[in-house]
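Each remark here refers to the structure printed beneath this line.
Predicted, not measured: the structure shown is a model, and the values here were computed from it.
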Amino acid sequence: MQAVTGESIGRHTRKRLFLVLLAVSLFLTGLLAVGLWVVIFHSGQSLLYKSTVVILVIGVLITVGVAASGLLGIFLTLLRCRRVTILQGPMRVALNLFFPLVCAVGKMLHIDKDLIRSSFIEVNNQLVRAMHMRLHPQELLLLAPHCLQLAECPHKITADIENCRRCGRCPVNSLLQLRDAYGIRVGIATGGTLARALVKKYRPRAIVAIACERDLTSGIQDANPIPVLGVTNLRPNGPCYNTMINVERVKQALDHFIIGADRM
């Protein structure tokens, strides 16, 4: 069986998949709230019970309304390729709060979860690009997973990337070459805890993150409100083992942020 790679998933993913599922999720949540409202006023429950449900329903409808305005903001941003500042809060609600429900709806429709995650990453990346941020190299952090390192290599780099001997047998050497060329900060993470520690240590204004769809999705949400451009890794040997990267895609992500990168 052919190994699944982030590149092959991303190539066939459309941003509209996540957006359609998000719209369906908002509609179903609103429909459920209205249904509860109708049922409660046609039942013989106590006034306290009815009042509690009414408050709950109103809260759900307000949340759906905020997320719906966020969905509108996402559409406008994607269409105009320009940030809609006033709707940034609702957009975060739509993207982060409703993501588990989007996955649940996708599961009911038998849609592969990695396809949904990949679509989410594509939507996020275009929203980040629409911000048109230009940063100095030291304001940018490149985060990569430890599984890029050759599994048989005795020189472990999670504690210190300088332990890499730059033999070229794995992509870590390419990351160091990018670091030297751009003057950026590079961090190698074994998981979300270390990734968060690296973000806290370097305090970047933006992040370019390399990972699988699952880790990228959770990382984008964890880093919020720091913008993250996600680059899915390649997995010719299966997940979390001797993974690879498309260096050109990583370079394009760095070029988007760094001042003067087009002249490098």
Side-chain angles (χ1 to χ4, degrees), residues 6-7 9-11 13-19 21-22 67 69-99 102 116-145 175 178 182 184-187 189 192 195-196 198-199 202-233 245-262:
E7 185 96 351
I9 290 176
R11 188 182 302 120
T13 302
R14 296 293 184 269
K15 292 182 286 293
R16 64 174 173 263
L17 172 62
F18 177 79
L19 297 176
L21 290 176
L22 177 57
S69 65
L71 180 59
L72 174 62
I74 293 170
F75 275 118
L76 290 175
T77 302
L78 297 181
L79 287 173
R80 299 167 65 239
C81 295
R82 183 174 298 178
R83 185 181 186 185
V84 183
T85 305
I86 196 172
L87 293 177
Q88 289 304 299
M91 287 164 63
R92 284 196 289 269
V93 171
L95 289 171
N96 298 325
L97 185 61
F98 279 85
F99 181 78
V102 167
I116 299 173
R117 289 167 174 156
S118 185
S119 182
F120 169 84
I121 293 165
E122 289 301 314
V123 170
N124 168 80
N125 284 355
Q126 189 156 339
L127 293 177
V128 171
R129 292 189 183 99
M131 296 171 70
H132 301 291
M133 293 183 69
R134 303 301 285 173
L135 307 174
H136 296 288
Q138 64 271 21
E139 297 176 306
L140 185 64
L141 174 63
L142 175 60
L143 270 179
L175 297 182
L178 289 173
Y182 286 91
I184 59 172
R185 303 178 187 275
V186 176
R196 286 188 290 272
L198 288 167
V199 172
Y202 292 120
R203 299 185 181 278
R205 289 186 58 198
I207 298 169
V208 172
I210 304 166
C212 62
E213 289 79 11
R214 183 193 64 186
D215 290 349
L216 270 181
T217 300
S218 61
I220 289 168
Q221 293 172 335
D222 285 346
N224 183 61
I226 301 173
V228 179
L229 271 182
V231 180
T232 49
N233 59 8
I245 57 172
N246 183 323
V247 178
E248 186 57 32
R249 287 186 62 203
V250 177
K251 187 177 182 298
Q252 288 171 0
L254 297 174
D255 287 344
H256 172 79
F257 285 118
I258 297 176
I259 296 172
D262 54 344

To the nearest 0.5 Å, atom CG of Leu216 lies from atom CG of Leu143 at 10.0 Å
Between the CG atom in Asn124 and the CZ atom in Phe18, the distance rounded to the nearest 0.5 Å is 9.5 Å
Indicate every side-chain donor-acceptor pair of residues 70-85 with a distance under 3.5 Å to a residue at least two apart or in another chain.
residue : atom : partner : partner atom : Å
Thr77   : OG1  : Gly73   : O            : 2.8
Arg83   : NE   : Gln88   : OE1          : 3.4

* Asked: Quick one: are Val123 and Leu19 in side-chain contact, heavy atoms under 4.5 Å?
  -> yes
key: Close side-chain approach of Arg129 to Leu229, heavy-atom, < 4.5 Å   = yes
Rounding to 0.5 Å, atoms CD (Glu248) and CG (Asp255) come to a distance of 8.0 Å
Do the side chain of Asn233 and the main chain of Ile210 share a donor and acceptor less than 3.5 angstrom apart? no
Value for CZ (Arg117) from CG (Leu17), rounded to nearest 0.5 Å, stands at 13.0 Å
Correct closest heavy-atom pair for Ala209 and Val228 would be CB-CG1, 3.8 Å
Value for CG (Leu127) from NZ (Lys15), rounded to nearest 0.5 Å, stands at 10.0 Å
Taken in chain and number order and not counting sequence neighbours, the residues that satisfy ring pair (Phe, Tyr, Trp, His ring centres under 6.0 Å) with Phe99 are Phe120
*Taking the side chain from Thr232 and the backbone from Cys212, do they hold a donor-acceptor pair closer than 3.5 Å?*
no
Do the non-hydrogen side-chain atoms of Leu95 and Ile220 ever get within less than 4.5 Å of each other? no
Taken in chain and number order and not counting sequence neighbours, the residues that satisfy side chain to side chain contact (heavy atoms under 4.5 Å, CB included) with His132 are none
Minimal heavy-atom distance between Ile207 and Phe257, with the atoms involved, is O-CE1, 4.2 Å
- Side chain to side chain, Asn125 and Ile121, heavy atoms closer than 4.5 Å: yes
*Val208 side chain near Leu140 side chain, heavy-atom distance below 4.5 Å*: yes
Applying side chain to side chain contact (heavy atoms under 4.5 Å, CB included) to Ala67 and not counting sequence neighbours gives Leu26, Val93, Ala94, Phe98
In short, Leu198 meets Ala189 closest at the heavy-atom pair CD1-CB, 4.3 Å
In terms of heavy-atom contacts, Val102 and Leu22 come closest through CG2-CA, 3.7 Å
Sorted by chain and residue number, the side chain to side chain contact (heavy atoms under 4.5 Å, CB included) partners of Pro227 (sequence neighbours excluded) come out as Val128, Met131, Met133, Ala206
For residues 215-233, the salt bridge (Lys or Arg N to Asp or Glu O under 4.0 Å) pairs (sequence neighbours left out) are Arg196-Asp222
When rounded to the nearest 0.5 Å, the distance separating CD of Gln138 from CD1 of Ile184 is 11.5 Å
